[in-house]
Amino acid sequence: MLSPEKTREVQSWGRYPKVKHARVTPIYWRSEIPDLASSEQPVLPHAYGRSYGDSCLNENGVALDVSHLNRFISFDEQTGLLCCEAGVSLADILEVMVPRGWFLPVTPGTKFVSVGGAIANDIHGKNHHAAGTFGCHVTRLRLLRSDGQRPICSPDENPELFQATIGGLGLTGLILWAEFRLKRIVNPYIDADHIRFTSLDEFFEISAESDKNFEYTVSWVDLLVGGEALCRGIFTRGNHNQSPELARKRLPKRLPLAVPFNLPQFVLNTLTVKGFNELYYHKQLPRRVHRIESYDPFFYPLDSIHDWYRMYGKRGFLQYQFVVPFEGGREAMREIIGRIRQSGAGSFLTVLKEFGTIKSPGMLSFPRPGLTLALDFAYAGEKTLRLLDELDAIVRQYNGSVYPAKDARMSAESFQQFYPRWREFARYIDPHFSSSFWRRVSTTQ
Ligand SMILES: Cc1cc2nc3c(=O)[nH]c(=O)nc-3n(C[C@H](O)[C@H](O)[C@H](O)COP(=O)(O)OP(=O)(O)OC[C@H]3O[C@@H](n4cnc5c(N)ncnc54)[C@H](O)[C@@H]3O)c2cc1C
């Protein structure tokens, strides 16, 4: 039987939707896993809930809290191969490995995600054009299936189950541990450039030049400027600094701020977003600023504000991240930005990047070559859902896709168009695993 113990509430980062689970079952030891097949309700692993929507939720089902599976297993100094339990967070890895001269192969915009979560969403980072997704660096993992089997999966061993598990949304079984390759660094600092741009065309120019010479690229954008320029923003690019002297320099301490309570819904509106954008865009006086930064603020600017989802108030918010192929990408952006402006909905944090051509290993991996934009919308009921449905329609028209890790509402029809291998994937789902997301998107019309 599964333990009935309830340790904590399980939510996703956007606080939308709010769902109840039948139970939250903590998993403490790899050797002491409850009998998953005996559960009357479907089960789903849940780590740190940094997914925004419902892919980490399992309404009326069982959430398997894997955050306690957080032990390091081995590290090979020669090859950089790290093996650890799946609940180890990227923050833990950085703390132990950066002082030893190693870095994550791929990291998202927060370090508070688990290795299991990084694999299950096949996450991408600022170096997608140079390194592909996290799954590209995974050499092996051990899965636990509800029938008690513990297959090793790798590109050579059980390769189909491996491809289903990378980006497999936690549905193919519980990842107990994973092995992946870290990259060497000389010191914990980044040579960073921050460049203001005034239009989408200028973004394309800087991006084309930067992707050749910089390992990391990303842009903050303001979509509310209006006119033909479509957007303005700040392009950030960087490389690991190569100076051995800096290896001895102490890292500056980051003092975390916190949003202590849910802000009232009216605080974030088009006017405040406009105001914030104006301040942020002008935070640097020169067009281009070059500086040497420690890795933490460069990769994780938002991690310094704890519980920042509270800015969106009690009703929560929806993230929306899509990718559209380069061909037609400009037109797609024009339509999408136009539609957002027309709706009056302001996105507080908007991030634009070009994905590169390195193939993602998962059957359901989201990244593919093209232009990707991530937006946040405060949840304002039906009108937010309607707007996102309209954006889906444009993304579909341009043969793009929407990211499940950030989704809470896409229709089955959209999902099935975005992920044409979904039926092939479904063959590898563990019969006792399911999620709120999967039940929604896998219904057949
Ligand atoms: C501020 C912020 C910035 C972000 N930036 C990015 C970004 O730049 N790029 C990007 O790709 N994503 C980004 N994300 C999304 C985030 O990286 C993913 O949602 C990630 O998967 C969350 O990991 P988690 O450990 O919190 O897992 P959860 O959210 O708890 O779970 C995520 C999925 O992993 C599965 N899972 C977790 N552990 C296991 C396990 N042991 N075995 C099997 N399945 C498991 C769950 O079932 C679920 O399907 C960001 C999120 C935030 C909040």
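Here the structure is a predicted model, which means the values were calculated and not measured. Note that ligands are numbered from 1 as they come in the structure, with each ligand's atoms numbered from 1 the same way.
- Taking the six-membered ring wherever Trp is involved, the centroid distance between the rings of Tyr216 and Phe299 falls below 6.0 Å.
- Ring geometry for Trp438 versus Phe415: interplanar angle over 60°, hence perpendicular rather than tilted (30 to 60°).
- You'll find the ring centres of Trp13 and Tyr48 outside the 6.0 Å limit.
- Using cut-offs of 30° and 60° for the angle between ring planes, the Tyr403 and His124 rings count as tilted.
- The local environment of NZ in Lys359 is sparse, with at most 12 non-hydrogen atoms from other residues, nucleotides or ligands closer than 6.0 Å.
- The aromatic rings of Phe317 and Tyr52 lie perpendicular to each other, with more than 60° between the two planes, well past the 30° mark.
- Contact residues for ligand 1 (protein heavy atom closer than 4.0 angstrom to any ligand atom): Trp13, Leu44, Pro45, His46, Ala47, Tyr48, Gly49, Arg50, Ser51, Tyr52, Ser55, Cys56, Val66, Ala86, Pro108, Gly109, Thr110, Val113, Ser114, Gly116, Gly117, Ala120, Asn121, Ile123, His124, Leu169, Gly170, Gly173, Leu174, Ile175, Trp308, Tyr403, Ala405, Lys406.
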